[in-house]
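Here is the structure we will look at, set down as structure tokens.
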Amino acid sequence: SCLANQNLLEYTEHPYEDVHYEQGDGPNFSVEEWTSVKNTLGLHFPTVPYVIDGEAKVTDPYAIMVYLSHAYAPELLGKTPAETGEMDMFYSQLKEIKQHITGPCYTQTDKNALGQQAVAKIAPIIQYLGKKDYLFGNELRYLDFYLLELFDFIQWLTENKFFTEQKAVARYVKRVKGLRQMKRYIKSERYMEKPFNNKVAKINNCERFFAIFCQSVINSLAEAMACTSSSSLRVATVKADTRRTLRSGYSPVSYTHLTL
């Protein structure tokens, strides 16, 4: 859901500072870069991801989606109590599905079997989606960004078979990624494919991510280094840490997550 939050941020077009905390390599997989500062940020429940926006300090992926929508994209919220209740209900279902397929990535090694389980688990959501433009009808809602991340996750688990076999899902993903803000984000140097699980997971795409990341660094190093005087970029084998500040004349949101 970190990807969902970042996609939503890009949709709002509000400037933000993207801060990454790097996880160490095995065998210890240290998270000291985060734990050394987590209690200095004034967060009530310190965790990543978090958003600091002026006096607002929000943790929890779902709370962040709701906050960003209220603050910068109210059109993504439900228009009626009935729609709001339906969105809350669906979030519970989507979260359960994601937990169901994420947990085994840390204990199992059969990616193919897990992909099949994921497709079966997501079936009721696909049935509900049907031929609608978005999850709740003809208008985009913040949960569409959560569903997009989940669909992309299953596409990766099934070795890119999911979209081929589920035409409605493929159309939906194309529609969401075809939004003006998403198209611009995907084409930007900020966009990169991130791992769905962290380094300790037995099923992850960290190696593929870092190969893509390093290539993107080679292709856009000059631009990235010129981004801002406070930017830093470090790449070493399978480690990466980026800090970008995007400003448009007013204080940016600070959005943070753990770089895995």
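Numbers here simply count residues along the sequence, with the first being 1.
- Annotation: side chain of V173 is not in contact with side chain of Q155 (no heavy-atom distance under 4.5 Å).
- For the atom pair L76 CG and L8 CG, the distance stands at 6.0 Å (nearest 0.5 Å).
- Placement of V66 and F45 in two distinct hydrophobic clusters is found when ILVMFWY residues are connected by side-chain heavy-atom separations under 4.5 Å, directly or transitively.
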For I122 and F151, run side-chain contact (heavy atoms from CB on, under 4.5 Å): C-alpha distance rounded to whole Å, both residues' side-chain angles, the deciding distance at 0.1 Å, then the answer. CA-CA 9 Å; I122 199 72; F151 279 162; 3.8 Å; yes
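- Annotation for Q108: atom CD counts as buried by contact number, over 12 foreign heavy atoms lying within 6.0 Å.
- Across all non-hydrogen atoms, the minimal contact from T107 to K202 is O-NZ, 3.8 Å.
- For Y91, the ring-ring contact (aromatic ring centres under 6.0 Å, His included) partners at least two apart in sequence or on another chain are Y62, Y146.
- Of all the heavy atoms in T40 and S36, the pair that sits closest is CG2-O, 4.5 Å.
- Within the 4.5 Å cutoff, side-chain heavy atoms of V37 are placed close to those of Y21.
- In this structure, I101 CD1 and I154 CD1 are separated by 4.5 Å, a value rounded to the nearest 0.5 Å.
- Within the 4.5 Å cutoff, no side-chain heavy atoms of Y11 are placed close to those of V176.
- Summarising the geometry of A168 relative to G130, their closest heavy-atom pair is CB-O, 3.7 Å, with the distance given to 0.1 Å.
- Formation of a donor-acceptor pair under 3.5 Å by the R141 side chain with backbone atoms of E75 is found in this model.
- Judged by distance alone, with hydrogens and angles left aside, the side-chain atoms of D144 form a donor-acceptor pair with the main-chain N or O of L135 at under 3.5 Å.
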Step by step, would you call Y185 with R190 a side-chain contact (heavy atoms from CB on, under 4.5 Å)? CA-CA 7 Å; Y185 173 45; R190 300 187 306 280; 4.1 Å; yes
Test T84 against L77 for side-chain contact (heavy atoms from CB on, under 4.5 Å), laying out the working first. CA-CA 7 Å; T84 299; L77 299 166; over 6 Å; no
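- The minimum heavy-atom distance linking L157 with A118 is given by the pair CD1-CB, 4.2 Å.
- Residues C105 and L114 are in side-chain contact: their nearest non-hydrogen atoms beyond the backbone lie under 4.5 Å apart.
- Counting heavy-atom neighbours within 6.0 Å of K132 NZ, excluding the residue itself, gives a total above 12.
- At most 12 non-hydrogen atoms from other residues, nucleotides or ligands lie less than 6.0 angstrom from NZ of K79.
- Counting heavy atoms from C-beta outward, I126 and V119 have side chains that stay 4.5 Å or more apart.
- In the displayed structure, K111 atom NZ is contacted under 6.0 Å by more than 12 heavy atoms of other residues, nucleotides or ligands.
- Y172 contributes atom OH, which lies 10.5 Å from atom CG of D133 (distance to the nearest 0.5 angstrom).
- For the pair Q181 (side chain) and E10 (backbone), a donor-acceptor distance under 3.5 Å is absent.
- Between F136 and Y128, the two ring planes are perpendicular [angle over 60°; tilted spans 30° to 60°].
- Atoms CE and OH, from M65 and Y142 in turn, are 6.5 Å apart once rounded to the nearest 0.5 Å.
- A pairwise comparison of heavy atoms in Q99 and P104 identifies O-CD, 4.2 Å as the closest pair.
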Should D152 and F163 be marked as a side-chain contact (heavy atoms from CB on, under 4.5 Å) after you check the CA-CA gap, both sets of side-chain angles, and the distance that decides it? CA-CA 9 Å; D152 278 341; F163 294 170; 3.6 Å; yes
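- With contacts defined as side-chain heavy-atom distances shorter than 4.5 Å, the pair T158/T164 does not qualify.
- Using modelled atom types, no side-chain atom of K177 and backbone atom of L148 make a donor-acceptor pair closer than 3.5 Å.
- Using a 4.5 Å cut-off on side-chain heavy atoms (C-beta onward), K38 and L43 make no contact.
- Summarising the geometry of D110 relative to A113, their closest heavy-atom pair is OD1-N, 3.0 Å, with the distance given to 0.1 Å.
- Crowding of Q127 atom CD: a count of heavy atoms from other residues, nucleotides or ligands under 6.0 Å not exceeding 12.
- No side-chain heavy atom of F145 sits less than 4.5 Å from a side-chain heavy atom of Q6.
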